[in-house]
There are 2 protein chains.
Amino acid sequence: MTGERRVTAMDVARGAGVSRSAVSRAFTPGSPLDAAKRSRILAVAQELGYRPNVLAAGLQGKGRSNLVAVVVGRLHNHFDSDFQAILMEGLARRGKWPLVVAGDPEMIEADILNVLGFPLDALIVRGGSVSAPVVDYCAKLGIPLVVSGRVMAAPRVDCVCGDNAGGAHLAVAALQARGRRRIAYLGGPPQLFSDQERRAGFQAAMAGAGLVPVAEDSADYSFEGGQAAALRLLARAPGLDGLFCGNDAMALGAIAALRDQGRRVPQDISVIGFDDISIAPWPGIDLSTLRNDAAATVAELLRLLETRLEDPSGPARVVRIPTRFIARNTH
Amino acid sequence: MTGERRVTAMDVARGAGVSRSAVSRAFTPGSPLDAAKRSRILAVAQELGYRPNVLAAGLQGKGRSNLVAVVVGRLHNHFDSDFQAILMEGLARRGKWPLVVAGDPEMIEADILNVLGFPLDALIVRGGSVSAPVVDYCAKLGIPLVVSGRVMAAPRVDCVCGDNAGGAHLAVAALQARGRRRIAYLGGPPQLFSDQERRAGFQAAMAGAGLVPVAEDSADYSFEGGQAAALRLLARAPGLDGLFCGNDAMALGAIAALRDQGRRVPQDISVIGFDDISIAPWPGIDLSTLRNDAAATVAELLRLLETRLEDPSGPARVVRIPTRFIARNTH
DNA sequence: CCCGTATCTGAACACGTGTGCATGATGACC
DNA sequence: GGTCATCATGCACACGTGTTCAGATACGGG
């Protein structure tokens with residue numbers, strides 16, 4: 001055991017017989033320092049296992065901390081997992097350190113406030129709602145706030161979001177092209193922004209096509225939720241011939257339930273999902289769905305972040321990622 | 001814009017007409033401070049958007065930083081995603097802040113070294129290998145290192161890992177119980193610890209049952225990799241009647257390819273996966289597999305971490321998470 | 001040999017916070 | 001009223017680093 005205290009620059013200085021300033025300079029590429037002395041210092045540092053404490057360095061006030069808080073809801077959703085993975089890699093590639101805030105919705109609110117205690121370069125929030133106090137704090141602290149999967153109107157808050165309404169229109173159009181007229185919507189939790197936009201888009205598209213939904217229902221974006229909701233829809237509207245689901249997991253659950261009830265998909269009923277998760281194209285699944293492009297979303301998010309860091313006081317921007325219909329074998 | 005500088009305790013002190021110490025005490029529950037003054041300070045802090053800088057506070061040397069680095073490989077694997085999600089929540093619940101290190105395997109090595117510049121409470125590494133320099137640095141810095149999905153012998157390095165060999169034995173036993181004798185193994189990348197143990201366990205179990213594998217192959221733990229490998233195996237061993245796969249995604253890919261070739265699963269060929277990912281029980285998938293319990297693994301990992309933080313110089317511990325065979329409809 | 005210059009180096013400061021210590025005030029008790 | 005205890009409060013220090021500034025040193029030219 002080397003003792004409880006962390007190795008400090010002073011220890012290295014003593015070990016190499018130089019001043020602490022020299023140690024600091026040895027780790028700062030531009031600084032003037034005798035080459036021989038530098039290599040000796042680095043050798044001693046290596047020996048002792050010394051690394052400059054980036055927190056103490058960041059305290060200097062100059063430059064950025066490279067610390068970015070990433071708020072994710074619960075990650076038990078396939079699309080959110082993919083999004084998260086791509087975002088982590090993207091941040092790493094840009095030299096940012098992601099500080100992840102996860103957990104129950106009720107805990108997360110307090111945690112967001114707590115994470116603001118770090119000298120963050122930015123706060124990235126995925127999906128779930130951001131409370132007014134958080135937005136307020138960010139504004140006062142001058143911490144850029146970038147929101148994904150949701151659009152909110154606040155000064156200097158940037159948003160990137162899939163085109164939910166457009167996707168819903170594409171889904172209705174695809175169902176209509178198959179001759180479906182008794183169409184239902186199975187949405188996610190109504191308090192979620194994504195569901196609100198998809199539901200509104202669905203209703204608008206139906207109205208535009210001169211159709212009236214035979215039923216609407218909600219579940220929790222899970223497979224099991226989709227199964228149960230499909231049974232409810234079927235009981236309420238036995239003539240159902242088209243179903244637009246708020247995400248892929250629920251669509252797959254619904255298909256399982258419908259087939260279990262003796263309905264053939266897609267012959268008797270068309271089902272369309274949302275997201276195009278990685279398993280959607282697998283044989284035996286082959287789900288017709290709307291592609292929610294996680295990679296493009298992350299790329300735009302990072303671009304927004306970079307622009308915002310460049311010019312913190314610029315106007316708030318909203319970027320919509322286009323949605324594409326992926327025709328497979330369930331509609 | 002409130003100016004570029006972060007709001008500091010001194011600003012609040014000026015605003016409330018008190019000393020900076022009082023501000024610090026106002027945010028420290030135990031400290032003696034006049035109740036009226038405390039609430040006045042908190043009000044001013046709220047107004048200005050002040051939060052104590054935890055980095056500067058952590059610089060104090062007392063106590064822990066509550067910062068934990070979590071090294072994950074690429075997260076494009078279902079089991080790893082689940083594991084990651086559970087771990088993030090578990091850490092949050094224990095008041096730890098996860099600093100995620102992700103990215104390409106070649107970038108990650110440098111990133112791990114860089115993240116050691118933070119005053120970490122611990123370093124958690126999932127799966128992939130940990131290079132000797134990293135272990136060395138952690139030892140010298142006195143940073144506890146907890147490894148998951150891999151067992152390594154190093155002083156004061158704790159490991160938690162599924163029982164890969166036991167799982168392989170269960171798989172072979174299940175295949176044997178179905179009367180299968182022409183059995184093949186489809187493993188993951190051979191450089192991965194998980195594959196090495198599962199492969200060795202498979203070979204030992206086969207030998208113990210008096211059987212000789214008809215073929216062995218490897219793929220990249222992906223659905224597509226499983227598809228392609230299944231075709232190779234079929235070409236090499238047309239009489240194949242049992243297949244043990246290194247993970248579920250490959251098993252599902254293999255099943256898709258086998259069915260595409262006219263083989264019935266499970267009537268003609270038994271297929272068993274590994275991990276029991278969340279989609280495995282879904283109707284239409286119904287995969288027989290070995291449960292790799294992510295929740296139990298995370299729970300043990302956190303327990304090891306806590307024990308290690310309690311007594312940093314304790315002996316290295318290795319915990320094995322038992323594996324259970326989940327009999328479904330593909331074997 | 002002397003002076004100017006370029007370069008290296010160490011001391012000192014700043015960053016923002018928690019806390020030990022001494023001081024002053026206030027209240028209680030005799 | 002005096003003395004002591006209690007407690008709130010402000011000052012100063014410490015944490016570990018990057019960087020400025022002035023002093024020192026070496027070197028080259030006249």
Side-chain angles (χ1 to χ4, degrees), chain A residues 3-42 45 48-67 114 116-120 141-143, chain B residues 3-42 45 48-67 114 116-120 141-143:
Chain A
E4 283 304 320
R5 226 185 66 271
R6 185 185 169 100
V7 179
T8 166
M10 196 60 201
D11 300 329
V12 178
R14 267 191 280 267
V18 297
S19 77
R20 195 190 56 74
S21 307
V23 178
S24 176
R25 274 189 258 269
F27 281 89
T28 310
S31 283
L33 185 63
D34 183 65
K37 181 178 284 193
R38 162 167 282 152
S39 67
R40 183 157 48 99
I41 292 174
L42 290 179
L48 269 56
Y50 169 74
R51 310 227 100 211
N53 184 335
V54 296
L55 267 58
L59 212 53
Q60 224 62 9
K62 315 279 186 181
R64 317 205 168 294
S65 69
N66 285 331
L67 224 41
N114 283 133
L116 292 177
F118 288 89
L120 304 174
L141 291 170
I143 296 179
Chain B
E4 282 304 321
R5 225 182 70 272
R6 185 185 170 98
V7 178
T8 167
M10 196 59 203
D11 300 329
V12 178
R14 268 192 280 265
V18 298
S19 77
R20 193 189 55 73
S21 307
V23 177
S24 176
R25 276 188 254 269
F27 280 90
T28 310
S31 281
L33 185 63
D34 183 66
K37 183 178 285 191
R38 160 166 283 149
S39 67
R40 181 158 46 100
I41 291 174
L42 290 180
L48 269 55
Y50 169 76
R51 308 228 100 210
N53 184 335
V54 295
L55 268 56
L59 213 54
Q60 222 64 7
K62 315 278 186 181
R64 317 207 168 293
S65 69
N66 286 332
L67 221 43
N114 283 133
L116 291 177
F118 288 89
L120 303 174
L141 291 171
I143 297 179

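So that the names make sense, note that chain A is the first sequence line, chain B the second, and so on, each numbered from 1.
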Participant: Relative to the 5' end of DNA chain C, which residue comes earlier, B:V54 or A:G17, by the nucleotide with the nearest heavy atom?
Facilitator: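 Nearer the 5' end of the strand: A:G17.
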Participant: Would you mind reading off the distance between A:M10 atom CE and D:dG18 atom P, rounded to a whole angstrom?
Facilitator: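 In whole Å, D:dG18 P and A:M10 CE are 15 Å from each other.
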Participant: Select one nucleotide: of D:dG18, D:dG16, C:dT17, the one nearest the side-chain heavy atoms of A:N53.
Facilitator: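 So the side chain of A:N53 is nearest to D:dG16.
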Participant: For DNA chain D, which residues of residues 20-28 of chain A approach it to below 4.0 angstrom with any heavy atom?
Facilitator: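 Within this stretch, A:R20, A:S21, A:S24, A:R25, A:T28 sit under 4.0 Å of the strand.
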Participant: Given atom CG of B:L116 and atom P of D:dG16, what is their separation to the nearest angstrom?
Facilitator: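 Distance check: B:L116 CG to D:dG16 P gives 17 Å.
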Participant: Closer than 3.5 angstrom, by distance alone: can the side chain of B:R38 be matched with the main-chain N or O of B:A22 as a donor-acceptor pair?
Facilitator: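 Answer holds: no.
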Participant: State the OH-CG distance between B:Y50 and B:L42, to the nearest 0.5 angstrom.
Facilitator: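 B:Y50 OH to B:L42 CG: 10.5 Å, rounded to 0.5 Å.
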Participant: Only one of A:T8, A:L33, A:V18 forms a side chain to side chain contact (heavy atoms under 4.5 Å, CB included) with A:V23, so which one is it?
Facilitator: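 Testing each of A:T8, A:L33, A:V18 against A:V23, the sole residue satisfying side chain to side chain contact (heavy atoms under 4.5 Å, CB included) is A:V18.
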Participant: If I take atom CG in residue A:D11 and atom C1' in nucleotide D:dT17, what distance separates them, rounded to the nearest angstrom?
Facilitator: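 After rounding, the gap between these two atoms is 13 Å.
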Participant: Taking only the side-chain heavy atoms of B:P52 (C-beta and beyond), determine which of D:dG16, D:dG10, C:dT17 contains the nearest atom.
Facilitator: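 Nearest to the side-chain atoms of B:P52, counting from C-beta on, is C:dT17.
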Participant: How close do B:I143 and B:L116 get, counting heavy atoms only, and between which atoms?
Facilitator: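 Taking every non-hydrogen atom into account, CD1-CD2, 3.9 Å.
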Participant: Whole Å only: how far is the CG atom of A:L33 from the P atom of C:dC8?
Facilitator: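 After rounding, the gap between these two atoms is 8 Å.
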Participant: Take the protein atom CZ of B:R14 and the nucleotide atom P of D:dG10, then report the distance between them rounded to whole Å.
Facilitator: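 For the pair B:R14 CZ and D:dG10 P, the rounded distance is 15 Å.
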Participant: With a cut-off of less than 4.0 Å, is there a side-chain N or O of A:K37 near OP1 or OP2 of C:dC8?
Facilitator: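 Indeed not, no polar side-chain atom of A:K37 lies that close.
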Participant: Could you pull out the closest heavy-atom pair between A:P119 and A:L67, with the gap in Å?
Facilitator: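 Nearest heavy atoms, A:P119 then A:L67: O-CB, 4.3 Å.
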Participant: Sub-3.5 Å donor-acceptor pair from the side chain of A:S24 to the main-chain atoms of A:R20, do we have one?
Facilitator: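 Flag not set: sc A:S24 to bb A:R20 has no pair under 3.5 Å.
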Participant: Quantified as the angle between the terminal helix axes (five pairs each), what is the overall bend of the helix from C:dC1-D:dG30 to C:dC30-D:dG1 to 10 degrees?
Facilitator: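 It works out to 50° between the end axes.
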Participant: Output a table of nitrogen or oxygen pairs between the protein and nucleotides 22-25 of chain D separated by less than 3.5 Å.
Facilitator:
none

Participant: Output the rounded distance in Å from CZ (B:R51) to P (C:dG16).
Facilitator: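 In whole Å, C:dG16 P lies 17 Å from B:R51 CZ.
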Participant: I want to check one thing: is the phosphate of C:dT17, taken as OP1 and OP2, less than 4.0 Å away from some side-chain N or O of B:T8?
Facilitator: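 For C:dT17, OP1/OP2 do have a side-chain N/O of B:T8 under 4.0 Å.
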Participant: Please check if the side chain of B:S65 supplies one atom and the backbone of B:G58 the other of a donor-acceptor pair under 3.5 Å.
Facilitator: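 No; zero donor-acceptor contacts below 3.5 Å.
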Participant: For the pair made of CG in B:L59 and P in C:dA14, what is the distance, rounded to whole Å?
Facilitator: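 Distance, rounded to whole Å: 17 Å.
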Participant: For the pair made of CD1 in B:I41 and C1' in D:dA8, what is the distance, rounded to whole Å?
Facilitator: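 B:I41 atom CD1 is separated from D:dA8 atom C1' by 12 Å.
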Participant: With sugar-phosphate meaning primed atoms plus P, OP1 and OP2, does A:L55 contact a base, only sugar-phosphate, or nothing at under 4.0 Å between heavy atoms?
Facilitator: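 Answer is nothing: A:L55 stays at 4.0 Å or more from every strand.
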Participant: To the side chain of A:D34, which of C:dC8, C:dG18, D:dT17 is closest?
Facilitator: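 Nearest to the side-chain atoms of A:D34, counting from C-beta on, is C:dC8.
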